[in-house]
Amino acid sequence: MAEETIKGLELIKNFSLEEIEQIVSRDKIKGGEAYVCASENPNTLYKIFYQDDEQDPISYDYDSNPISLTSKIVTMPYNKLRKLEKLYQMQLEHSVRPVSTISVNGELVGYEMTKDKSDIVLMPHKMSDSELLRYLRQTKDILEYFSYHGIIYGDVAPRNILINRKNGQVKFCDMDNISINGIPMDTIPFQLQTYNAERELDYSVHPYMHNIMTLKALELDSYWATKYELRKYFK
């Protein structure tokens with residue numbers, strides 16, 4: 001059983017290397033930089049950062065680089081911890097919230113976050129137009145709420161948007177990749193790379209990325225310029 005100590009966020013959960021390997025061996029979703037795994041609590045999930053042997057080393061330009069604990073599990077960059085601490089203090093609405101940090105032998109490797117079993121990922125292709133438009137309007141309002149609280153949420157995409165099947169409310173996940181109060185995003189999505197090169201990330205990222213998502217959701221994305229055409233016409 002993991003040792004739990006009150007500190008920082010709500011808790012620091014300290015696992016052994018064997019325990020963390022057991023956690024990531026069970027049901028999980030594999031993202032670009034982390035596993036999202038079931039926890040012992042039905043109302044939370046674990047996010048554990050990893051690097052596959054065949055992947056190039058994960059590079060961060062900020063406060064620290066990840067340290068490999070095994071062939072896969074790596075330390076979580078300090079940049080992410082700073083954002084999680086701010087989010088925990090804010091108790092931001094319309095988002096998955098951090099609950100505790102997760103350590104292995106004193107090295108930070110991930111965090112625990114809230115989970116609602118009624119949430120499903122936004123699936124535009126399985127919705128009526130009226131239902132889809134309702135959710136797109138909700139996501140627009142939430143992005144404006146994020147802006148008001150000093151947050152730039154860059155990776156606006158259906159995979160990062162959760163719909164509650166009981167109450168129809170929307171929330172965003174993958175909150176450790178935001179920019180908040182000057183702390184930058186860790187991973188910039190493909191659609192934002194040209195934007196970032198042309199003018200750097202600002203609050204106009206929200207309507208920009210929301211418009212791209214809307215075009216794709218309504219199957220109008222064939223009219224959207226490639227990133228090379230976008231650079232030409234960006235003015």
Side-chain angles (χ1 to χ4, degrees), residues 1-15 19-50 58 66 72-104 107-122 139 142-143 145-146 149-167 169-181 183 185-187 189:
M1 189 70 180
E3 177 187 354
E4 300 181 355
T5 308
I6 303 292
K7 187 178 178 183
L9 296 176
E10 185 175 273
L11 292 171
I12 291 180
K13 291 191 172 180
N14 191 30
F15 293 96
E19 286 175 317
I20 210 72
E21 287 178 337
Q22 288 177 4
I23 289 170
V24 299
S25 69
R26 57 199 189 209
D27 289 345
K28 60 182 177 290
I29 298 171
K30 185 177 180 181
E33 59 180 356
Y35 299 116
V36 177
C37 315
S39 77
E40 299 80 9
N41 184 338
N43 298 314
T44 66
L45 293 169
Y46 292 148
K47 187 167 185 176
I48 310 295
F49 289 84
Y50 75 90
I58 303 171
K72 293 185 181 296
I73 306 302
V74 296
T75 55
M76 183 175 77
Y78 179 60
N79 191 61
K80 289 185 179 292
L81 176 61
R82 292 166 66 201
K83 290 184 281 190
L84 292 173
E85 288 174 337
K86 287 185 177 294
L87 289 170
Y88 179 78
Q89 293 164 4
M90 294 170 68
Q91 291 295 295
L92 196 71
E93 296 180 13
H94 315 299
S95 65
V96 170
R97 297 175 180 177
V99 174
S100 66
T101 55
I102 298 172
S103 296
V104 173
E107 296 287 347
L108 187 68
V109 298
Y111 64 97
E112 186 178 15
M113 56 188 167
T114 55
K115 168 194 171 184
D116 188 322
K117 63 182 180 181
S118 296
D119 286 343
I120 59 170
V121 175
L122 175 64
T139 54
I142 293 170
L143 290 170
Y145 168 82
F146 286 170
H149 287 277
I151 290 169
I152 297 174
Y153 191 103
D155 197 5
V156 180
R159 66 179 178 278
N160 292 327
I161 297 169
L162 304 176
I163 308 297
N164 190 286
R165 289 171 293 182
K166 286 187 176 179
N167 58 29
Q169 295 301 302
V170 174
K171 65 168 69 80
F172 281 72
C173 58
D174 198 26
M175 295 300 294
D176 60 79
N177 195 35
I178 60 171
S179 172
I180 178 170
N181 296 341
I183 307 173
M185 290 179 64
D186 301 281
T187 305

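Numbering of residues begins at 1 and proceeds along the displayed sequence. Because the structure is predicted, anything quoted here is derived from the model rather than measured.
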Identify whether the distance between the nearest side-chain nitrogen and carboxylate oxygen of Lys166 and Asp116 falls below 4.0 Å.
no
Is a side-chain N or O of Asn177 found less than 3.5 angstrom from the main chain of Thr187, in a donor-acceptor match?
yes
What distance do Lys115 atom NZ and Leu162 atom CG have between them, rounded to the nearest 0.5 Å?
11.5 Å
Taking atom CD1 of Ile29 as the centre, report whether more than 12 heavy atoms of other residues, nucleotides or ligands fall under 6.0 Å from it.
no
If I take atom CD1 from residue Ile142 and atom OG from residue Ser95, how far apart are they, to the nearest 0.5 angstrom?
9.0 Å
For residues Asp176 and Lys83, report the shortest heavy-atom separation together with the two atoms involved.
O-NZ, 2.9 Å
In a check of side-chain contact (heavy atoms from CB on, under 4.5 Å) between Val96 and each of Thr114, Leu87, Leu45, which one passes?
Thr114
Working for side-chain contact (heavy atoms from CB on, under 4.5 Å), residues Ile151 and Leu92
CA-CA 10 Å; Ile151 290 169; Leu92 196 71; 3.4 Å; yes
Verdict with supporting geometry, Lys13 and Glu19, salt bridge (Lys or Arg N to Asp or Glu O under 4.0 Å):
CA-CA 11 Å; Lys13 291 191 172 180; Glu19 286 175 317; over 6 Å; no
Give a yes or no answer on whether the side chain of Arg97 reaches the backbone of Tyr88 with a donor-acceptor pair at less than 3.5 Å.
no
Here the gap from Ile161 atom CD1 to Ile120 atom CD1, rounded to the nearest 0.5 Å, amounts to 12.5 Å
Ignoring hydrogens and geometry, is there a side-chain-to-backbone donor-acceptor pair from Ser39 to Thr44 under 3.5 Å?
yes
Interatomic distance, OG1@Thr75 vs CZ@Phe49, rounded to 0.5 Å, equals 10.0 Å
Have a look at His94 and tell me which of Tyr145, Phe172, Tyr153 forms a ring-ring contact (aromatic ring centres under 6.0 Å, His included) with it.
Tyr145
Would you tell me whether Asn160 and Asp155 have side-chain atoms, one donor and one acceptor, within less than 3.5 Å of each other?
yes
Main-chain N/O of Gly31 paired to Tyr50 side chain as donor or acceptor, under 3.5 Å:
yes
To the nearest 0.5 Å, tell me how far Phe15 CZ sits from Glu21 CD.
13.0 Å
